[in-house]
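Below: the structure, in structure tokens.
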Amino acid sequence: MTLSDVRGARAAIMGVADGTPLVPSPFLSGVAGAEVLLKLESMQPMGAFKLRGALNAIRALPGGAPGVVCCSTGNHGRAVAWAARAQGLRAVVCLSTLVPEAKVSGIRALGAELRIVGRSQDDAQEEASRLSAAGGLVEIPPFDDPAVIAGQGTIALELIEARPDLRTLLVPLSGGGLAAGIAVAVKAIDPSIRVIGLTMDRGAAMHAALRAGRPVPVEEVASLADSLGGGIGLANRHTFALCRELLDEVVLVGEDEIYRGMQALYWEDRLVAEGACAVGVAALLSGRLAGLAAPIATIVTGRNVDMGVFTRVVTGQDVTLGAHLVRGRAWDTTSAS
Ligand SMILES: *Cc1c(COP(=O)(O)O)cnc(C)c1O
């Protein structure tokens, strides 16, 4: 996996899944005391950056493939459904019952067949592997795949072209396809740019693996950052090694902090964004990233949030996540312009 794979991916997705806006956040720049930029992957056609990797992987398939199958926490499935439809291919998406209804219906609306199985991403993964072994469907993995990683890495090329002076990149981290792809490109172009992975402190599989020195089982629980749930695979082949080698740091944030991050993005930057996008914002707000070199960019990875939950968060109401309660607290909008 090298910079040239990422450049190849860029040519493959050009004009379809690229060119998202990079906008300043005056509010976060004030909080950080340094320039903060937001890369709006939430503006992708299906609402998340995952289209980059899925489209790159699907366009690389040999002719005559009968269709594709994947497992997903939601956005990868939606991206695969979108890209498969664009290529005229059948798509089957395997999801666990933890995936929010808003994501399930979004995938269904794109014409994909759904299989809802088990209570974890591992269960959904098993079903996807079974279907691919049985039916000839080609599996498009959500993160641990060179074409997917290279596709996600194209974000870094756009960021560095727009801002060659970029110093720090805050990247939401789950299976690590996004962080690995970005880090491969960034570190090849300028190793002095800091790449920091951000994730929730409940069920953070990549963080646990990096600490243990190998992938370890992690219990998956409900989170405001639902797109960051799920394991990295005990037989992980690519993203674990790349994240271990290339990420400068991994920082964890709590559900209360993600809640505040979503409020900040909404009230201050006027953005509808998933909890998964708010981890970088959350870490800046909490002050635990003080002293970073600027400009700092974070990636607003997707907008496919359950609007019922979103409304509760931005209006300061309690949110229940399984057995976990996030206590409501209204955003002080007096600072909002
Ligand atoms: C998938 C996803 C992530 C994390 O990406 P990984 O490649 O799994 O680390 C972050 N945010 C959103 C919205 C996602 O859908």
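Position 1 is the first residue of the sequence; numbering continues from there. For ligands, and for the atoms within them, numbers begin at 1 and follow the listed sequence. Quick caveat, the model's predicted, so the values are computed rather than measured.
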Can you tell me if Arg288 has over 12 outside heavy atoms packed within less than 6.0 Å of its CZ?
yes

With sequence neighbours left out, the residues meeting salt bridge (charged side-chain N to carboxylate O under 4.0 Å, His left out) with Asp248 are Lys187

Apart from Leu114 itself, its cluster of hydrophobic side chains linked below 4.5 Å comprises Val93, Leu95, Val99, Val104, Ile107, Ile116

pair Asn236-Phe143: side-chain heavy atoms closer than 4.5 Å:
yes

Look only at the side chain of Arg312 and the backbone of Asp318, and say whether a donor-acceptor pair between them is shorter than 3.5 Å.
yes

Can you give me a line-by-line list of nitrogen or oxygen pairs between ligand 1 and the protein shorter than 3.5 Å?
{"from": "ligand 1", "atom 1": "7 (O)", "to": "Gly177", "atom 2": "N", "distance (Å)": "2.9"}
{"from": "ligand 1", "atom 1": "7 (O)", "to": "Leu178", "atom 2": "N", "distance (Å)": "2.8"}
{"from": "ligand 1", "atom 1": "8 (O)", "to": "Gly175", "atom 2": "N", "distance (Å)": "2.9"}
{"from": "ligand 1", "atom 1": "9 (O)", "to": "Ser174", "atom 2": "N", "distance (Å)": "2.8"}
{"from": "ligand 1", "atom 1": "9 (O)", "to": "Gly175", "atom 2": "N", "distance (Å)": "3.2"}
{"from": "ligand 1", "atom 1": "9 (O)", "to": "Gly176", "atom 2": "N", "distance (Å)": "2.8"}
{"from": "ligand 1", "atom 1": "11 (N)", "to": "Thr301", "atom 2": "OG1", "distance (Å)": "2.8"}
{"from": "ligand 1", "atom 1": "15 (O)", "to": "Lys50", "atom 2": "NZ", "distance (Å)": "2.7"}
{"from": "ligand 1", "atom 1": "15 (O)", "to": "Asn75", "atom 2": "ND2", "distance (Å)": "2.8"}

Mind jotting down which residue pairs meet the side chain to side chain donor-acceptor pair (under 3.5 Å) criterion with at least one end in residues 146-163? Sequence neighbours excluded, please.
Arg10-Glu161, Glu35-Arg163, Lys39-Glu158, Arg52-Thr154, Arg52-Glu158, Arg163-Asp165

